[in-house]
Every structure is written in structure tokens, then in C-alpha cells.
Amino acid sequence: MRRRSLFPQVVIDRDTESEESSSDDEEEEGEANVVLPEEETIEESKNKGKTSITITLKKVCKVCKKTGHEAGFRGATYIDCPMKPCFLCKMPGHTTVTCPHRVATEYGVPHKNTTNPLEFVFQRQLHPRVSPIKPAYVIPDQVHCAVIRYHSRRVTCLEFHPTNNNILLSGDKKGQLGIWDFGKVHEKTVYGNIHNCILNNIKFNPTNDGSIYAASSDGTISCTDLETGISFSLMNLNPNGWEGPSSWRMLYGLDVNSDRNVVLVADNFGYLYMADIRSNNIMNKPTLIHKKGTKVVGLNCNSLQPDLLLSCGNDHFARIWDMRRLEAGSSLYNLEHKRVVSSAYFSPLSGSKILTTSLDNRIRVWDSIFGNLDYPSREIVHSHDFNRYLTAFRAEWDAKDSSESLVVIGRYISENYDGAALHPIDFINISTGQLVAEVMDPNITTISPVNKLHPREDILASGSSRSLFIWRPKKLDIAHPRQEKRMVLCGEVSKTHSKQHGDKSDDDSENDIFRSKDNGLKQKKLASKSSSYSSRGS
DNA sequence: AGCCTATGCAGCC
DNA sequence: TGGCTGCCCTAGGC
């Protein structure tokens with residue numbers, strides 16, 4: 001606070017008499033550690049034996065510490081540091097504002113409301129002569145209901161119930177499991193005693209849709225009965241407890257192979273583990289499937305060819321395996337990426353395509369039929385690289401799309417939407433590279449890295465910070481006009497186990513519910529035009 | 001209100 | 001390899 005208020009003028013009292021300095025002086029010296037570029041003015045005067053120095057600081061770019069420019073928000077538009085490579089495509093020579101991969105927004109193309117799918121095209125097709133075809137995708141573009149601050153930490157994963165269309169499961173950084181019946185908006189449960197740190201992935205038991213498996217950074221796989229919340233550990237990789245970070249195992253990737261009745265998980269040291277669903281026994285020895293010592297963040301079984309397994313991780317590879325011959329180094333293909341691969345999924349219907357998300361800000365499609373797996377058949381530049389404090393973004397297929405071309409992923413960088421800096425959720429046609437729709441709500445000012453499309457209905461579930469949102473197509477919502485009752489505000493959830501039915505806070509108005517500490521801060525950062533906010537989406 | 005800082009992060013030097 | 005640093009991040013605490 002003090003530094004901000006003094007900026008750009010700092011007055012330093014320096015003790016010239018002795019080497020020893022009082023605690024006050026030390027504090028002031030701390031202030032003087034601010035970078036002092038060329039143009040500071042120093043003025044000294046004797047005052048009670050101390051030398052007083054007045055320094056005028058020239059503003060410095062917070063990114064490169066150089067003068068002459070400043071990175072940061074101008075209103076709701078972020079201006080990059082020109083000394084760095086493009087924040088979006090990572091190439092030198094330009095910034096995000098002039099990046100050819102950026103969706104044109106405030107620079108010419110008018111923004112309409114989100115009623116119709118927006119028509120902005122990423123200029124990034126590998127085959128630019130192929131004219132983009134816009135299928136009649138149905139985009140869930142309007143918030144239908146939400147649970148605000150449902151989780152006590154950020155949401156890490158989402159999973160729809162395989163048979164009950166209204167049930168959404170969610171996991172968070174603290175290890176808690178949420179069960180939300182968004183059909184009866186107020187029916188929500190949180191189990192807090194299953195895991196004690198990050199719940200990385202959830203999968204339903206294929207033989208019993210009343211129970212789920214979850215992989216956690218506490219090193220266990222849990223099997224939980226959804227009705228009772230009673231769970232047992234299928235696997236515990238840290239039976240001796242904490243013995244330091246070099247030995248603590250965390251489980252990330254998780255999938256279930258229903259043909260083989262196997263649960264597969266992978267850890268932060270590159271190993272794959274398997275457990276038999278029927279006997280609950282751990283099978284075989286762990287197999288090194290990625291570079292030793294690196295995190296395996298994703299596992300995915302091919303739904304059509306049960307012998308195929310896909311993995312991805314921090315060694316910058318996605319790898320394809322034959323389940324019949326699983327041993328270190330025996331992968332069928334190694335899909336190379338420039339940075340960490342946060343997700344890799346087989347296409348849901350044919351299983352012949354692979355969709356990967358890498359921290360190099362590219363979504364890649366690998367086609368085993370119309371291409372080879374040596375190179376991706378398409379690379380789409382998209383902003384999803386992040387720094388910290390966020391769940392990793394994962395591009396996911398729309399299982400309802402028979403053409404296997406529609407994909408959803410949250411966007412990291414914000415866009416200036418009528419003066420508000422919002423982070424949309426993008427729908428991308430991966431066969432053309434076209435941005436089919438960018439979905440946002442002016443009340444959601446935080447990033448939405450976790451997104452899941454409903455396997456059977458035109459519904460999108462998104463997790464943003466601690467909150468969950470259900471999106472439906474606007475035209476369908478006419479039959480179900482948005483009501484205040486659809487928004488549920490959750491306070492803190494108890495640490496152990498809490499069931500919440502029909503909270504009293506439900507009667508809050510919509511605006512009150514959305515208004516949070518975080519929201520207030522963010523809006524202040526926005527441009528003054530926030531009054532046009534409320535006109536959007538109405 | 002404004003800081004600070006956590007960061008079972010990742011990257012880089 | 002280890003230690004430092006970090007561009008649009010978040011929540012919580014002082």
C-alpha cells in the first residue's frame with residue numbers, strides 16, 4: 001500500500017553516521033530496493049545528520065523491467081510486453097494484439113451478443129483454401145443454473161452421471177467430491193473425507209453407476225458409493241505416510257477399461273498401475289510409461305479398441321500403448337509436443353482421432369486414418385497456457401457430435417467484451433480450425449479451465465474457481481426462463497462431510513449471489529463501461 | 001483497500 | 001540438478 005501511494009516518488013532517509021541502522025531504517029532501505037532506471041533524480045540534504053534522498057522513479061514494465069512501455073490492462077484490454085514473444089502463439093516479432101491467431105474483437109469486428117454463434121475465424125488452418133463449413137452445432141451458450149462457491153477450493157474435474165441426466169460430479173483441489181443434481185438445483189452434496197489433497201480425475205464404475213473411482217494427489221484411488229459417501233481405498237501408494245517430496249506419490253491420470261475390468265492410474269513419477277474391478281486387487285508391477293520422474297497427467301482407453309491406451313504427461317509426449325504388451329519403452333506411437341501435454345483423448349465414436357492440449361498454446365488433432373501419427377493433422381493456436389493457481393485446461397470432444405469435430409476448451413487470456421475483461425469458453429471445429437462459438441457470462445469474471453459437455457444433452461458444465469455452472473442453449477431456455485431460484489450460493493462446506501439440501505441462502509437475488517470479493521476486485525480492473533454489462537445476454 | 005503469499009507448478013539457466 | 005522466477009491466474013489473510 002505504502003509503495004503504491006509513494007510511487008513514483010520515494011523519499012529515503014539514509015543514516016550516514018554509523019554502520020548500524022535502526023529497524024526503521026532497514027525498512028526504508030527495503031523501499032529503496034525498487035529498480036532505479038536511468039532518469040531518477042537524487043537530491044541530498046543534511047538533515048539531523050541524515051542524508052535525505054529524493055528519487056523520482058520512471059515507470060518500468062512489470063514483465064521485462066525496462067522503461068518506455070508498460071504491460072498490463074488498459075481498461076479491459078491487456079497490452080503485452082513487446083519485448084517478449086507473443087503471449088498467444090509464442091512467436092517473436094509481435095504481440096497478442098497483432099497476432100494473426102487472435103480472434104479479431106475490438107479491432108474492427110463488432111461483438112454481438114451470444115445469441116448466435118459468433119463467426120470469428122482463427123486464421124490458422126493448415127489448409128487455408130478449404131472453406132470453413134459451419135455445421136448446425138447447438139451451443140449451450142447461456143448459464144442455466146449455478147452453484148456459487150460450492151467447493152472450498154478450486155474445481156479440478158467434472159463428470160456427468162452415465163445414466164441420470166441431471167447429476168454432475170465434481171472434484172476439487174482439497175480432495176472433496178461434489179454431487180449436484182442440477183435438475184433440482186438445490187440438491188447438492190459434498191463429501192470431504194475421501195481424499196485429503198487434489199482430486200485429479202473421476203470415473204464411474206462401469207458395472208455399477210452408483211459408485212465411482214477417483215484418483216488423488218494423496219496417492220490413493222478411492223471407490224465411493226455415491227448414495228452413502230462410504231468409500232474404500234483401492235490403492236494407496238503412500239502407505240508409510242509423508243517421507244518427503246521425493247518419495248510422495250501422487251495419482252493423476254485415471255481411466256476404466258470396462259472390457260478388461262481394469263482401473264488404470266498413473267503417478268507423478270511416470271508409472272502406470274492397474275487394479276482389477278472385480279477383485280479390487282492390484283495387478284502386475286507398475287509400468288514406466290513416461291520419462292522416469294515425470295508426471296503422467298492423463299490416461300484414456302479407446303472405447304472401440306479396448307487394447308489401445310493413450311497417456312500423456314510432463315515429458316512433452318502423448319503415447320499410445322497396446323494393453324497386451326505393456327512394458328517400458330514399448331509404446332506404439334509417441335506424439336511429440338513442445339511442452340507439457342495436459343490432456344489427450346481418443347475421439348469418442350470412431351476412436352480414430354486423438355485430441356491433445358499442450359501448454360505450448362496449441363490444440364492438436366492426430367488422425368490415424370487420414371493422416372499418420374508422426375505429425376498432427378492439425379494444430380490450432382489457442383490460449384490455455386497459464387502460470388499458477390489454475391487447473392490445467394483440457395480440450396474435450398463433444399460425444400454427441402457424429403462428425404467428431406466439435407471441441408470445447410476454456411480460454412486463458414481475456415477478451416474485451418463491451419468493456420469487461422472476460423474469459424470465454426471456446427467451441428472449436430477441429431476439422432476447420434474455426435472458432436464456432438465463444439461463450440461467456442458477464443457475471444463470470446474468473447477463468448473456466450474445467451469444462452465438460454453432457455454425453456446426451458445439449459448441456460455444458462463448467463468449473464470456474466470454486467463454482468459450477470450449467471449452460472444450455474439460449475433458445476431452449478425460453479421454455480425455462482431463468483429465475484433467481486436457479487442460482488445457489490454455497491458458503492463454506494464443512495471439512496469432513498456435509499449434506500446440503502435447500503439452503504436458506506437460495507433466496508438471494510441473482511446479482512447478490514454473483515457478487516463476491518473476487519468479482520469486485522476484477523470489475524474494478526475493468527473499463528468504466530461496465531454499465532453496458534447488464535444489457536448483454538438479456 | 002492494498003498488499004502479500006501460497007504454490008503435492010513448470011520452465012529455464 | 002537445484003534453485004530461481006514467473007505476463008491476463010486465485011483465495012485468503014493481514
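All chains are named by letter (A, B, ...) in the order of the sequence lines, taking the proteins before the strands, and each is independently numbered beginning at 1. None of these values were measured; they are calculated from a predicted model.
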Side chain of [X] - closest among [options]:
X         : options                  : result
Val63(A)  : dC7(C), dA10(B), dG8(B)  : dC7(C)
Met250(A) : dA10(B), dC7(C), dG8(B)  : dG8(B)
Lys295(A) : dC7(C), dG8(B), dA10(B)  : dA10(B)
Tyr252(A) : dA10(B), dC8(C), dG8(B)  : dG8(B)
Thr446(A) : dC9(B), dT10(C), dA10(B) : dT10(C)
Asn387(A) : dG6(C), dG8(B), dC7(C)   : dG6(C)
Arg466(A) : dG12(C), dC8(C), dA10(B) : dG12(C)

Classify [X] by what it touches in the nucleic acid, base, sugar-phosphate, or nothing, heavy-atom distance under 4.0 Å.
X         : result
Pro82(A)  : nothing
Asn314(A) : sugar-phosphate
Phe87(A)  : base
Thr96(A)  : base

Does [N] have OP1 or OP2 under 4.0 Å away from a side-chain N or O of [X]?
X         : N       : value
Lys173(A) : dT7(B)  : no
Arg339(A) : dG11(B) : yes
Arg153(A) : dG8(B)  : no
His316(A) : dA10(B) : no
Tyr389(A) : dG12(C) : no

Integer angstrom distance from the C1' of dT10(C) to that of dG6(C):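 Their C1' atoms lie roughly 15 Å apart.
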
Nearest-0.5 Å distance that lies between atom CG in Asp255(A) and atom OH in Tyr345(A):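 One gets 9.0 Å once the value is rounded to the nearest 0.5 Å.
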
Residues Thr98(A), Arg102(A); criterion side-chain contact (heavy atoms from CB on, under 4.5 Å); working and verdict: CA-CA 7 Å; Thr98(A) 51; Arg102(A) 187 176 176 87; over 6 Å; no

Electrostatic pair Arg411(A):Asp426(A) at N-O distance under 4.0 angstrom: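 Looking at Asp426(A) together with Arg411(A), the answer is yes, because their closest N to O distance falls below 4.0 Å.
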
Bracket notation of DNA chain B in which parentheses pair within the strand, [ ] cross earlier pairs, and | pairs with another strand (Watson-Crick or G-U, under 3.5 Å): .|||||..|||||

Ring-face cation contact, Phe269(A) with Lys292(A), 6.0 Å cut, 45° max: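 No, cation not above the ring by the 6.0 Å, 45° rule.
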
By salt bridge (Lys or Arg N to Asp or Glu O under 4.0 Å) - contacts of Asp267(A) (at least two apart):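 Here no residue qualifies.
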
Stacking of Phe73(A) on dC8(C) base (centres under 5.5 Å, planes under 30°):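 Check failed, Phe73(A) does not stack on base of dC8(C).
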
Polar side chain donor-acceptor pair, Thr391(A) to Arg154(A), under 3.5 angstrom: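 Yes - a donor-acceptor pair under 3.5 Å links their side chains.
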
Side-chain polar contacts of residues 87-96 of chain A - donor-acceptor pairs under 3.5 angstrom, sequence neighbours left out - could you list them?
residue: Lys90(A); atom: NZ; partner: Asp385(A); partner atom: OD2; Å: 2.4
residue: Thr96(A); atom: OG1; partner: Asp80(A); partner atom: OD2; Å: 2.3

Pair Trp366(A) and His337(A), ring centroids less than 6.0 Å apart: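 Yes - the distance between ring centres of Trp366(A) and His337(A) falls below the 6.0 Å cut-off.
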
